[in-house]
Each structure stands twice: as C-alpha cells, then as structure tokens.
Protein chains: 2
Amino acid sequence: MARFIESHSCFDCQCKSSIFNFLSEPELGLINQNRYEVSFKAGEIMFKQGTPSPHFLCLTSGLAKLYIEGYGKNLILSLVRPVEYIMGPGIYTDNRHHYSAAAVEDSTACLVDVNSFKQLIRTNPDFADEFIRRISMMTIFNFEQVVSLTQKQMHGRIADVMFYLSEKIYTGNPFEMTISRQDLADLSGMSKESAIRILKEFKDEGILHIDGSTVHILNPQQLKQISQTG
Amino acid sequence: MARFIESHSCFDCQCKSSIFNFLSEPELGLINQNRYEVSFKAGEIMFKQGTPSPHFLCLTSGLAKLYIEGYGKNLILSLVRPVEYIMGPGIYTDNRHHYSAAAVEDSTACLVDVNSFKQLIRTNPDFADEFIRRISMMTIFNFEQVVSLTQKQMHGRIADVMFYLSEKIYTGNPFEMTISRQDLADLSGMSKESAIRILKEFKDEGILHIDGSTVHILNPQQLKQISQTG
DNA sequence: TTTCTCCATTGACAAATATCAATGATCGGT
DNA sequence: ACCGATCATTGATATTTGTCAATGGAGAAA
C-alpha cells in the first residue's frame, strides 16, 4: 500500500508541474499547506474509478497509468510521467473519479486538496486560462486516440502506441518498455495475444527490434506509413 | 450555403444557452455586440475540421452533428440540440476546429466572437466554473463513448446509440430518426451495412419497431440488457 | 536448487465485422 | 406521372480479431 514520505515544500520543489508557475507566492502557499506526499510501489492502485476525489494527484517520480475499467477489460487512457498532475473531470461535476490510476513503476506523488485548487481557478485568471488550456490539450489527445482506436486496424494502432511510447513516455529510441504486454493491449484496444502477434510481425519484418522489454524502432518511416494506412 | 438572418438581441432571446444566465447585463451585452445569426439547410457544413475558429456557435434551432473526419470515414462525436453552444478544444490551444459540424436538420445558430467569451471567463469566476463544469461533462460523455466503441460489440453499441437518440436527442419514444443510416453507423463506429443489419435483427426480435425513419423501442429492458452484456 | 507463479508466446479455431455487388425504395425536379 | 440521383436493404464472401488451450520462460520464495 501507499506510504507517507518526508514532506518538503512546494516553494523549493524542483519537480512541480509547470502550471504552478502561474501562481504567486501566497497562492502557492495555499497549495503547499493542503498537500501531502505518498509513495507507491509498482502495481499499486493510486485511486479507483468511482471513489470520491477530495484530492488530485501530482506525480513527482515514476510512471502511472490512467485507465477506465470497462466491460471485462481495461482501456488505458494515457500514461503519465512526472512532473504532471492528474485531475479528472469529476472535480467539477460529481466529485468522483471517472478512471482509475495505478503505478506502473515505483512512484511518488503529492496529493493536493481539490478545493484549494478550485479556489485559485476562481481568483487567478492566468492560472484558470492555463488550466483550461491543459484540459483542452487532453481533449485533443483523446480525440486522436478515439479515432485511432475506432478507425484503424490493429497494425496501425500498435504503430501509434509505439510512437507514443517512444516519443512521449520513454523519450528515447531504443527504450525500455516497463509496461506489460497486457498494458500494451489495453492501450491499443485489443487482446493481449493480438498485440503480441503484431509485435512479432513487426519484428520479423525488421521494423522493430525487440528483446524482452527493450524495443528499438528500426524503421520509423515504415512504421509511420503503417500508422497512416490504418 | 449559410444565410444571414434577422438579428435579435441576447437580452430577450428565449433560446440562449443556460450558461449565459451566469452573466450580468453588461457582460451579456458584450456577447450580444459580437454576435451574428446564420441559418443552415439540412446537410450544410457549419464549420470544418482544421479551419480557424474565431467564433463559436450557439445552436438556436434544428439539429447538428459534430464529427471527426478520420481515415476514410467519419466518427460522430455527438449530436447537438438547441439550445446549446458548440465550442471545441481549439479555442484555448491552436484556434483551429478539431472536428467538423454540419446541420442534420434545417438549423439556425448564433456565431459569437471567441475573444469576448474568453475575456468573460477571466473576469467572471461563476461563469468560468460553469464553463469548466460543462467541459467536464463532455469529457465524461466522451469517456463513456470511447468505452462503448472500443469494448462493446456491435449489438451493444447500437443499443447505446438507440438510447442516446431516444433519451437525449429526440426525447421521445417512438421517435422520428432524422439522421441517416450512415450517420447511425458513424455514431456507433461500424459500417452502414452492419448498422442496418443489426437494426433489422432488433426489429425481427421485437425489440424495436422500425418503419422507415420512425423507431419505437418496444422492449427497453431487453435493449438495456444487450447494452450491458456488450 | 527447486518449485511456484505470473507473464509471454504460439497455434488452431471460432466469432465478429467489413466489403462488394446487386437490388429496391424514396424524393425532388421536370 | 416520369426520371435521375441518392439512400436503404440484402446476400455472399473475405478479412479481421478474439478465444481457448497449451507451452515456455523468468524471477520470487522456500
């Protein structure tokens, strides 16, 4: 389970989300006072879909997955790298989590009181603008995702996920894929077996080099082509 | 194409979206001054994905569809009934439309200047809160949609869309389905032929009564069951 | 080291879904 | 009423994708 860890201060935090740069010193103080730090081991659930959400979460180290628990299987909405906050649409509606979050790697996070945050949205227009901008970016990401998931075939979806992992999550090529094959399947909306099969195909065709959890995109052009032809 | 029509005033508009009740009289005046009315015939495009979005749209009569133009086919994100505004995530990011909108029935709408709106978000916290709340509601709707589209089989997806049409769009049972079969397919993420076939199956099983564009959900319990079992 | 468990992999098969082609129905314009 | 165009329907078939079952492999616990 989650463990409380030594508490620092938001003021000298090297790892606070850049949205907090829009806050004045006293405003940041409000956040700092209503905050505590927790650590999670890989695999542990951070919060669960359906439960109340009095706090939002700011990931300070590790890697987390956000996923919707659907009909028998999960859909991973996104992976989250530090430093980023995790705040769902329930904050402004029913105060419930609309997706679950779990640590993929050992992680640490700050839990921050939601009401303090919402108060700052009301009083600091720059902060509010930035918040809305970030929500909008997530919405755009969701749009791209739903189009990929509903209109592309499996090869295109796996290609998309490979680029996502390489460019956004592990920021490298080759990269060490710390998510499981099941997670890969949940990201691309298919069965685990299908995901594995397509990975193998890409390997056999020389598009990817795969050795256990290490993945190297050998032929990005061809992979991009596969992404676009669906 | 779109036609300009006689301009009224936001102040005595019986059909303004309820979010504007959060505005004071002078604030509503700002909206009123930067607004014009347009009418669209059924089938006409209101705005197109990828184009700049200096205005947002407030639908005052008719029925519109919001759809993403994907890889060879469209995905309908939602249908919009008056009175509701239509504002995409581009407003706060790249000032582009991230989906297209088209009139399904003959429609009228007000086009409102985006900057006036954004200015009010900065100065009126209640208005901003309500705006964020509505964005959040849409996000939650998108989540439900993506789970339905990616995790349910065709029968379940058609069942979901039938409830959506009956409860949210046409608010009646039976209802006159003014969208085409292709639209139905684009709403449920399948081919037109598959959508028609499942409609016919439901008809043969006595779950729906279908006569041309008139649909009557005869057995909501069984349809709900189909929705849930995927 | 041995065992156990979980995750990954593979193959065979079944189910779901799309595509293609043909036909029927409907509706506005003449 | 007639015509042309678009939309709806249906059947046959091909493709995509999932499921099931079996096996392999790596790491944790004894």
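Bear in mind the structure is a predicted one, so any value in this text is a computation, not a measurement. To find a chain, count down the sequence lines: A is the first, B the second, and so on, and within it residues start at 1. In what follows, every heavy atom counts, from backbone to side chain, and hydrogens, waters and symmetry copies are set aside.
- Distance, A:Lys192 NZ to D:dT23 C1': 13 Å, rounded to whole Å.
- Nearer to the 5' terminus of DNA chain C, by closest-nucleotide assignment, is the contact made by A:Ile196 (compared with the other of A:Ile196 and B:Lys73).
- Take the nearest nucleotide of DNA chain C for A:Leu199 and for A:Gln153: the residue whose nucleotide is more 5' is A:Leu199.
- Shown here is B:Lys73, whose NZ atom has more than 12 heavy atoms of other residues, nucleotides or ligands within 6.0 Å.
- Here B:Ser180 lies in heavy-atom contact (under 4.0 Å) with sugar-phosphate atoms only.
- Atom pair B:Asp204:CG and D:dT9:P shows a separation of 12 Å (rounding to whole Å applied).
- Here the P atom of nucleotide D:dG18 and the CD atom of A:Gln182 are 11 Å apart, to the nearest Å.
- If you take CD1 of B:Ile198 and P of D:dA8, they are 16 Å apart, rounded to a whole angstrom.
- A side-chain N or O of B:Thr178 and one of B:Tyr170 form a donor-acceptor pair less than 3.5 Å apart.
- Rounded to a whole Å, the NZ atom of B:Lys200 is 11 Å from the C1' atom of D:dG11.
- One donor-acceptor pair, N or O on each side, does fall under 3.5 Å between the base of C:dT19 and the side chain of B:Arg197.
- Put simply, CD1 on B:Ile207 and NZ on B:Lys224 are 13.5 Å apart, with the number rounded to the nearest 0.5 Å.
- Regarding B:Met154, its CE atom lies at a distance of 16 Å from the P atom of D:dT16, rounded to whole Å.
- Proximity of A:Ser194 to the phosphate of D:dG18: a side-chain N or O atom is located under 4.0 Å from OP1 or OP2.
- Across the protein-nucleic acid pair, A:Met177 atom CE and C:dA8 atom P stand 8 Å apart, rounded to whole Å.
- Atom-to-atom, CD1 of B:Ile179 to P of D:dT6 comes out at 21 Å; the value is rounded to the nearest Å.
- B:Asn95 and B:Ser53 are not linked by any side-chain donor-acceptor pair at a separation below 3.5 angstrom, with hydrogens and angles left out of the test.
- With salt bridges taken as basic N to acidic carboxylate O contacts below 4.0 Å, none links A:Glu193 and A:Arg181.
- Listed nucleotides C:dT19, C:dA8, C:dT10 differ in distance to A:Glu193; the shortest reach to its side chain belongs to C:dT10.
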